[in-house]
Number of protein chains: 2
Amino acid sequence: MTLECATCPVRDSAACAVLSEEDREKLARAGRTRELSRGEVLFAAGEADTVCATLLTGALKVTSHDADGHERILALIHPSGFIGEMFSPFTSHDVVALTKSRLCIFAKADMEAALERHPELLRALLRRSQEDLHRSRMLLSLGSGRSAQDQVGGLLLALAQAASTSPCHPARTFELPITRGEMASMLGLTIETVSRAITTLEREGTIRRNGTRGIELVDPARLEDLV
Amino acid sequence: MTLECATCPVRDSAACAVLSEEDREKLARAGRTRELSRGEVLFAAGEADTVCATLLTGALKVTSHDADGHERILALIHPSGFIGEMFSPFTSHDVVALTKSRLCIFAKADMEAALERHPELLRALLRRSQEDLHRSRMLLSLGSGRSAQDQVGGLLLALAQAASTSPCHPARTFELPITRGEMASMLGLTIETVSRAITTLEREGTIRRNGTRGIELVDPARLEDLV
DNA sequence: CGCCTGTTTGATCAGAGTCAAAAAGTGTGG
DNA sequence: CCACACTTTTTGACTCTGATCAAACAGGCG
């Protein structure tokens, strides 16, 4: 299926937004879209990977697996995010769909050619890469000396910020994009510990739950000074 | 002090190595070198930062501090590494010298101008940024479900790789660039736990110690299949 | 309705943290 | 070269948090 940039949901925020209308069209002709359903694998670690992609809708996770198959989530990817290490011929981590997702896929060779012609695209990717790096370090610092409950609180806050439309203020109410198990795997905790932490946070009056996925931040300040 | 690219120890590996001789000279004229002694702060989190830098010799750490002042090391920077988020006006983390270090410093504005003129420099920074991201995720996956001993083993392996001249094989013997406390702070453990882990690894015959900082990997394979 | 997946809660246990002190290094000045 | 002070590392005893094992509970969907 060929691309329809005109109706693209991330046409203003994705990396290719820095291109002119016509340049973008030219790039689009080299690409195609792909749908993934929950659990489908986009990249598997260690495979040669010859494509890169922009996420249009849905959400992806970047994971690694330790010796005994335990999964660790290293990053979440939201719409307009870019996937693919342009300088490494092999993927180092798995990339898997968390929900039904739609992507815009390019051969690395085509993207490489576009980068050659459009330095502004290079700049857009650099910016994204530095943001990814920043988020990755956030996740690292979450795991620090803090108690399990503080870690979960910090993650909730981070997810609220990701769910928010405005970049600085967290959303007051939002739906968790991930399961308890996936939260646990982002923090290196167990499902049970995450569940208990959420229960405690609710009993303390810091948050309120709305079904299993809905979260309302009653007292965001309390979460904020954990960071 | 003006720059002497001719005698620069990282002239072939730093980002600016992608420039031609004359372009590099031009950039060099805008920069200056700076010396830091152990513990000196290059950037403090939250400050406006108007410069970026390449590390020539020594080592730096990137750290964050939680509410009670506990430090967490998010990354190490080795010679030829680049420091400075080009797209964010404020530094988000502290950057501190681990040892006596020498840097090559540029005003962001000058670097920005150079990026404008030399897309290959942009590409070099993107590559570096993706490598940083990769290292950051390595550190994340180290912390996973693994025992303290395995985490320390994994860190030793990573440090051996960083110390090695060849990029894939770890050095068999090397000097730890950081103290026990700093190792602990990279993994989110305590000094005592790190110390005990190292003692156990030696008793198992996986490593041998040579003074407090020297490490010999007797059985690297055992460490490798922990990852 | 019953099955399956995901979540919550409970009881027990082990591993890492904490507190404390000895030992090994490092550097300084006499 | 040695004596002394200071920092870093190691080791020990005890505690407590989070993992583990197990079971009840809640939704979603055929």
Side-chain angles (χ1 to χ4, degrees), chain A residues 37-39 61 66 68-73 98-100 142-156 159 175-204 207-215 226, chain B residues 37-39 61 66 68-73 98-100 142-156 159 175-204 207-215 226:
Chain A
S37 41
R38 173 169 175 85
K61 62 180 174 184
D66 55 28
D68 23 303
H70 249 72
E71 172 181 290
R72 171 90 193 215
I73 296 183
L98 282 169
T99 65
K100 199 169 164 55
L142 260 188
S144 189
R146 325 214 50 65
S147 72
Q149 195 185 140
D150 292 356
Q151 290 185 54
V152 172
L155 181 58
L156 287 180
L159 292 173
E175 292 282 308
L176 290 172
I178 53 179
T179 66
R180 298 288 184 274
E182 283 156 348
M183 291 177 68
S185 147
M186 288 185 77
L187 297 170
L189 301 172
T190 60
I191 294 181
E192 294 93 324
T193 302
V194 170
S195 177
R196 278 186 250 268
I198 291 180
T199 302
T200 309
L201 285 169
E202 184 173 38
R203 266 205 271 272
E204 282 179 359
I207 64 171
R208 194 171 304 151
R209 272 184 289 193
N210 222 318
T212 44
R213 292 296 189 89
I215 294 287
L226 295 182
Chain B
S37 42
R38 171 167 177 89
K61 61 181 175 184
D66 54 29
D68 23 303
H70 248 72
E71 170 182 290
R72 170 92 195 215
I73 296 183
L98 283 169
T99 65
K100 197 170 166 53
L142 259 187
S144 189
R146 326 214 50 65
S147 72
Q149 194 184 139
D150 291 357
Q151 291 185 55
V152 171
L155 181 59
L156 287 181
L159 292 173
E175 292 282 308
L176 290 171
I178 54 180
T179 66
R180 298 287 184 275
E182 283 156 349
M183 291 178 66
S185 147
M186 289 185 77
L187 297 170
L189 301 172
T190 59
I191 294 182
E192 295 92 325
T193 302
V194 170
S195 177
R196 278 187 251 268
I198 291 181
T199 303
T200 309
L201 285 170
E202 184 172 38
R203 265 205 272 274
E204 281 179 359
I207 63 171
R208 194 172 305 151
R209 274 184 289 194
N210 222 315
T212 43
R213 292 298 188 88
I215 294 286
L226 295 182

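Residue numbers start from 1 in every chain, and the chains themselves are labelled A, B, ... in the order their sequence lines are given, proteins ahead of strands.
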From CG of A/L201 across to P of C/dT7 the rounded distance in Å is 16 Å
Compare side-chain N and O positions of A/R213 against OP1 and OP2 of D/dG27 and report whether any pair is under 4.0 Å apart.
-> no
Does B/T193 put a side-chain nitrogen or oxygen below 4.0 Å from OP1 or OP2 of C/dG17?
-> yes
According to a strict under-4.0 Å criterion, is A/T212 in side-chain N/O contact with OP1 or OP2 of D/dG27?
-> no
Look at the side chain of B/E192 and decide which nucleotide, out of C/dA20, C/dT9, D/dG18, has an atom nearest to it.
-> C/dA20
Interatomic distance where CG belongs to B/L187 and C1' belongs to C/dG15 [whole Å] = 16 Å
Describe the nucleic acid contact of B/S195 in one word from base, sugar-phosphate, nothing, applying a heavy-atom distance below 4.0 Å.
-> base
How would you label the contact of B/L189 with the nucleic acid (heavy atoms, under 4.0 Å): base, sugar-phosphate, or nothing?
-> sugar-phosphate
Could you tell me whether a side-chain N or O of A/R72 sits under 3.5 Å from a main-chain N or O of A/M186, the two making a donor and an acceptor?
-> yes
Under 3.5 Å donor-acceptor, A/T199 side chain and A/S195 backbone = yes
When rounded to whole Å, the CD to C1' distance for the pair B/E182 and D/dT7 reads 13 Å
Figure out the CD1/P separation between A/I215 and C/dT7, and round it to whole Å.
-> 11 Å
B/S147 side chain near C/dG15 phosphate (N/O to OP1/OP2, under 4.0 Å) | no
Heavy-atom donor-acceptor pair, B/R38 side chain to B/K100 backbone, under 3.5 Å | no
Among the nucleotides C/dT8, C/dA16, C/dG6, which one has an atom lying closest to any side-chain atom of A/R38?
-> C/dG6
C/dA16 C1' sits how many Å from B/R180 CZ, rounded?
-> 18 Å
Donor-acceptor pair, A/T200 side chain versus A/R196 backbone, under 3.5 Å?
-> yes
CD1 (B/I198) and CE (B/M183) are apart, to the nearest 0.5 Å, by 4.0 Å
Nearest-Å distance, CD1 (B/I191) to C1' (D/dT7)?
-> 11 Å
Please give, in whole Å, the distance from D/dT17 P to A/Q151 CD?
-> 14 Å
Return the value, rounded to whole Å, for the distance between atom NE2 of A/H70 and atom P of D/dT20.
-> 6 Å
Output the single nucleotide from D/dG18, C/dT7, C/dT9 whose closest atom is nearest the side chain of A/R196.
-> C/dT9
